[in-house]
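What follows is a set of notes on a single structure, which appears directly below.
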Amino acid sequence: MSMVDIKRHILDQLNQAVSSLGMEVPSLKLDQSRRPELGDFSSGVALSLTKEAKKPPIELAEAIRNCLDLKKEICSEITVSKPGFLNFRISPEYLKQQLEVIFNEGAEFGKIQLGKGKKAQVEFVSANPTGPLTVGHGRQAVLGDVVAQILEWHGYNVDREYYYNDAGRQMRLLGESVKARYLELLGVEIDFPEGGYEGEYIRDIAREIDEKEDGAITKKSGVSEFRKFAEKMIFSEIKRSLELLHIHFNHFVNEQRFYDDGSIDKVVKLLRQNHLAYDKDGAVWLKTTAFGKEEDTVLIKRTSEPTYRLPDIAYHRDKLSRGYDLIVDIFGADHIDTYPDVLSALNALGYETSSIHVLIHQFVSLIRDGQKVKMSTRKATFITLDELIEMLGADVVRYFFIMRSRQSHLNFDIGLAEMESDENPVYYLQYAHARICNILKHAKDTGIDSSDAADLSLIQEETELSLMKTLIRWPEVMTNVHESLEPQMIANYLQALATEFHRFYTEHRVVTENRELSSARLFLVSSVKTILASGLAVLGISQPEKM
RNA sequence: GCCCCGGUAGCUCAGCUGGAUAGAGCAACGGACUUCUAAUCCGUAGGCCACAGGUUCGAAUCCUGUCCGGGGUACCA
């Protein structure tokens, strides 16, 4: 019986008790108790029924308690406390039994395979190859990868997909910029293109072309030759950056595909048939007013170039056709206004879009010397992701980006990050893991090994019980994260677990002359290691054996 | 103007679908290593949870309004 089942057991009992008193509660819930000295879970049902019952809450709580028939081996104590809370204490027997489950199941502990046999797709980063990935992309990259990891943990078969467009205006500008720098290199006087890419990396690409000397590209080559070369180079840099963070995509989808296979035209045709697209002023408009917007928006420009909404609709139509059970789009806050149009259009065309989850993350503001740095790939006023990784290391960067909720604006102070890299909270988690590894090693050296014969009833210190209670919350944390897709919940949980462990470590010695107690504690401690390792693995952070 | 996020300790941020006395890290101060790793632990200090109303037994959390910051509202992506 897992923790989730326990809660259900208590809730069932509460429900029965309440209805046997002739009342009803629409939504009953059990909270993690804020007062551990009173119990592990608490319920405020009595408080919410006090009016209906016309009785003081304490009295009502007592009455409810008297109707409860909870299994002794699960809940050892039920108390009523001041305003009218019911408090439940998990029995030590149950904790010990769960500890054995953790020990036996290892990394599999808590997996109820919510995604077994299901296919999921996570689309993220999706930056066009116009320049190196920025810190902002980093947030998205890590967020997307961890979401994918969470889904995989739950048993989904996950595709990590990168969607890009190498045919637009921005890419043409990239080609022009590279060509300009190349000509500059050859000593040709030239005006740098208006709004072109000013970053130093453009010069690097030009230099690369110059040094190649295979004659494939010369000063007479067209812009598209330069563009293609630059794209190839930049893309391989992007992939390299992602690899530094241990992020691997297994699908790359080029927007061009939807032009080539006719699906763009098909979408326009469908939209027209459904009276959702019409001609005006030489452009084709999408009737977003039909979706509750104030104005219609342009779908195809007068230049006959589509705006990004059109291929996006085609792309999502394609995603839907691939039979995913779950589709996750990770977008920056700049997409906040556009994706509803895409979903609305798909809905209007008769597609079921409930499998699509759009996760919007807010931007990262870079702060340097107390000043906010405007990030622009074009102006090259950015800190690249590579620079950040070089400065802090992949583990720290990953942790930093998922420890905060995605809807909060992230202020990234470069100086502070560097200063704090030695004191980063991620080390706190890793240190706990390394400490345990060291204990296990020490135990082995000492000849105390066989934790399988451990007598777990010897574990009874307050800190130990508290540690166990935190341990068995892991499955529930992961179930909640499956719902919310908010990775920071994992980080918060691991922090709590590490804190409990470090305190335990300080207060109690694991390996002592008392062999019985030692093996019981080794049992406990290796369970902590198991969960820490699982959690760190989901976050894509390494689990060092020594530090 | 309208829409979406955010405003919590000096700083960066947690706070699960409303629960009891508001949390962590960093920074500050005071303690703890003859022991399995002090990258740790314990303690002190630090708060009108932006502001004003409302909903109710109960609000940082939900609703309304105001203020401040970010983003969108492009025939740029």
Side-chain angles (χ1 to χ4, degrees), chain A residues 27 29 31-35 38 42-44 46-51 56-57 81-85 87 126-128 130 165 168-170 195 281-285 293-295 297-308 312 332-338 340 360-363 365 367 372 400 403-413 416-417 419-420 422-425 427-428 430-432 434-443 445-446 476-477 480-481 483-484 486 488-489 491-493 495-496 498-499 501-507 509-512 518 521-522 525 546-547:
Chain A
S27 67
K29 70 186 183 88
D31 301 304
Q32 187 88 19
S33 178
R34 313 262 317 199
R35 305 282 299 274
L38 297 174
S42 68
S43 166
L47 290 163
S48 53
L49 287 172
T50 175
K51 209 176 225 174
S81 63
K82 64 174 182 188
F85 287 104
N87 306 290
S126 295
N128 288 340
T130 57
N165 170 22
R169 199 177 82 91
Q170 294 303 321
D281 303 335
V284 181
W285 294 70
K293 286 271 169 106
E294 286 191 2
E295 285 171 357
T297 37
V298 170
L299 198 60
I300 301 174
K301 300 181 220 173
R302 210 166 356 189
T303 59
S304 80
E305 257 178 316
T307 62
Y308 52 90
D312 262 16
D334 52 343
H335 279 68
I336 208 147
D337 209 46
T338 80
I360 299 283
H361 68 89
Q362 294 299 322
F363 286 152
S365 304
I367 299 184
K372 190 164 272 190
F400 203 98
M403 70 188 289
R404 264 87 228 237
S405 77
R406 78 183 119 75
Q407 55 261 12
S408 82
H409 307 261
L410 207 54
N411 282 318
F412 206 122
D413 189 316
L416 211 61
M419 254 168 55
E420 283 178 11
D422 288 340
E423 317 252 359
N424 199 284
Y427 296 136
Y428 187 78
Q430 294 179 315
Y431 186 53
R435 265 185 155 175
I436 296 172
C437 290
N438 200 54
I439 295 171
L440 297 178
K441 184 173 164 290
H442 177 77
D445 295 345
T446 322
E476 199 186 357
V477 168
N480 289 342
V481 169
E483 254 342 274
S484 67
E486 302 208 2
Q488 87 277 4
M489 291 170 76
N492 291 341
Y493 167 77
Q495 282 293 330
T499 298
F501 167 73
H502 284 307
R503 183 177 302 136
F504 160 79
Y505 180 94
T506 316
E507 288 178 15
R509 217 185 135 77
V510 176
V511 180
T512 61
S518 296
R521 284 186 171 157
L522 280 171
V525 140
K546 68 169 77 143
M547 287 176 74

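What you see below is based on every heavy atom in this structure, not just the backbone, and it leaves out hydrogens, waters and symmetry mates. Numbered from 1 within each chain, the chains take letters A, B, ... in sequence-line order.
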Per-residue pairing states of RNA chain B in dot-bracket (Watson-Crick or G-U under 3.5 Å; . unpaired, | other strand) read (((((((..((((.....[...)))).(((((.......))))).....(((((..]....))))))))))))....

Does the side chain of I439(A) reach to within under 4.5 Å of the side chain of Y505(A), using non-hydrogen atoms? yes

Backbone N/O of T512(A) and side chain of S518(A): donor-acceptor pair under 3.5 Å: yes

Can C33(B) be described as syn, meaning its chi torsion is within 90° of 0, or is it anti? syn

Phosphate-side-chain proximity, S405(A) and A14(B), N/O vs OP1/OP2 below 4.0 Å: yes

Nearest of C36(B), G72(B), U40(B) to any side-chain atom of T506(A)? U40(B)

Euclidean distance, atom CG of residue N492(A) to atom C1' of G25(B) [Å, nearest integer]: 12 Å

What contact category does L299(A) fall into here, base, sugar-phosphate, or nothing, at under 4.0 angstrom with non-hydrogen atoms? nothing

When the P atoms of C49(B) and C33(B) are considered, how many whole Å apart are they? 40 Å

Parallel under 30°, tilted from 30 to 60°, perpendicular over 60°: which one fits the rings of F501(A) and F504(A)? tilted

Side chains of K301(A) and T307(A): does their closest heavy-atom pair fall under 4.5 Å? yes

Where is the tightest heavy-atom contact between S81(A) and N87(A), given as atom of each residue plus distance? OG-ND2, 3.1 Å

Whole-Å distance between C42(B) P and F504(A) CZ? 14 Å

Between C67(B) and C57(B), how many Å separate the two P atoms, rounded to a whole number? 32 Å

Heavy-atom closest pair, residues P57(A) and A46(A): O-CB, 3.7 Å

Please report the closest heavy-atom contact between V510(A) and R521(A), naming both atoms and the distance. CG1-CB, 3.8 Å

Remember a base hit wins even if backbone is also touched, and classify H502(A) as base, sugar-phosphate or nothing at under 4.0 Å, heavy atoms. sugar-phosphate

State, to 0.1 Å, how close L47(A) and P83(A) come at their nearest heavy-atom pair, and which atoms those are. CD2-O, 3.4 Å

Within the distance-only criterion (no hydrogens, no angle test), does the side chain of H502(A) pair as donor or acceptor with the backbone N or O of Y431(A) below 3.5 angstrom? no

Which part of the nucleic acid, if any, lies within contact of A434(A), taking any heavy atom under 4.0 Å across all strands shown: a base, the sugar-phosphate backbone alone, or nothing? base

Spacing of R406(A) atom CZ relative to G6(B) atom P, expressed in whole Å: 10 Å

When the C1' atoms of C16(B) and A52(B) are compared, how many Å lie between them, rounded to an integer? 28 Å

Mind checking the C1' distance from C3(B) to A39(B)? Whole angstroms is fine. 46 Å

Separation of the P atoms in G10(B) and A45(B), to the nearest angstrom: 15 Å

Side-chain N or O of Y505(A) less than 4.0 angstrom from OP1 or OP2 on A32(B)? no

How many whole angstroms separate atom CZ of F412(A) from atom P of U12(B)? 14 Å

Spacing of N480(A) atom CG relative to G15(B) atom C1', expressed in whole Å: 14 Å

Indicate, with a heavy-atom threshold strictly under 4.0 Å, whether K546(A) touches base, sugar-phosphate, or nothing. base

Look at the side chain of H409(A) against the base of G69(B) and say whether a donor-acceptor pair falls under 3.5 Å; ignore hydrogens and angles. yes

Grab the CD-C1' distance between Q362(A) and G69(B) for me, whole Å please. 11 Å

Can you tell me, in whole Å, how much space there is between the C1' of U66(B) and that of A28(B)? 36 Å

Report each atom pair, protein N/O against N/O of nucleotides 17-20 of chain B, whose distance is under 3.5 angstrom.
from: A20(B); atom 1: OP2; to: R34(A); atom 2: NE; distance (Å): 2.7
from: A20(B); atom 1: O2'; to: R35(A); atom 2: NH1; distance (Å): 3.2
from: A20(B); atom 1: N6; to: S42(A); atom 2: OG; distance (Å): 3.3
from: A20(B); atom 1: N6; to: N87(A); atom 2: OD1; distance (Å): 2.8
from: A20(B); atom 1: N1; to: S81(A); atom 2: OG; distance (Å): 2.9
from: A20(B); atom 1: N1; to: N87(A); atom 2: OD1; distance (Å): 3.4

For I336(A) and Q488(A), take the nucleotide of RNA chain B holding the closest heavy atom to each; which residue's nucleotide lies nearer the 5' end? I336(A)

Rounding to the closest angstrom, what is the interatomic distance between A24(B) and U17(B) at atom C1'? 23 Å

P-based separation of G23(B) from G43(B) [nearest Å]: 13 Å

With the side chain of Q407(A) defined as its heavy atoms from C-beta on, choose the nearest nucleotide among C5(B), C13(B), A39(B). C5(B)

I want to check one thing: is the phosphate of A38(B), taken as OP1 and OP2, less than 4.0 Å away from some side-chain N or O of R435(A)? yes

Please compare L49(A) and Q495(A) by the position of their nearest nucleotide in RNA chain B and report the one closer to 5'. Q495(A)

Can you confirm whether more than 12 heavy atoms, excluding those of E507(A), are under 6.0 Å from its CD atom? yes

Could you list the protein-to-nucleotides 74-76 of chain B atom pairs, N/O on both sides, closer than 3.5 Å?
from: C75(B); atom 1: O2; to: R302(A); atom 2: N; distance (Å): 2.6
from: C76(B); atom 1: OP2; to: K301(A); atom 2: NZ; distance (Å): 2.4

Would a 4.5 Å heavy-atom cut-off, applied to side chains only, mark R404(A) and Q362(A) as touching? no

How many whole angstroms separate atom CG of N411(A) from atom P of G25(B)? 21 Å

Between M489(A) and S484(A), is there a side-chain heavy-atom distance shorter than 4.5 Å? yes

Is a donor on one side and an acceptor on the other found under 3.5 Å between the side chain of T338(A) and the backbone of H335(A)? yes

What is the separation between atom OH on Y428(A) and atom P on U12(B), rounded to the nearest whole Å? 23 Å

Ignoring hydrogens and geometry, is there a side-chain-to-backbone donor-acceptor pair from Q430(A) to M547(A) under 3.5 Å? no

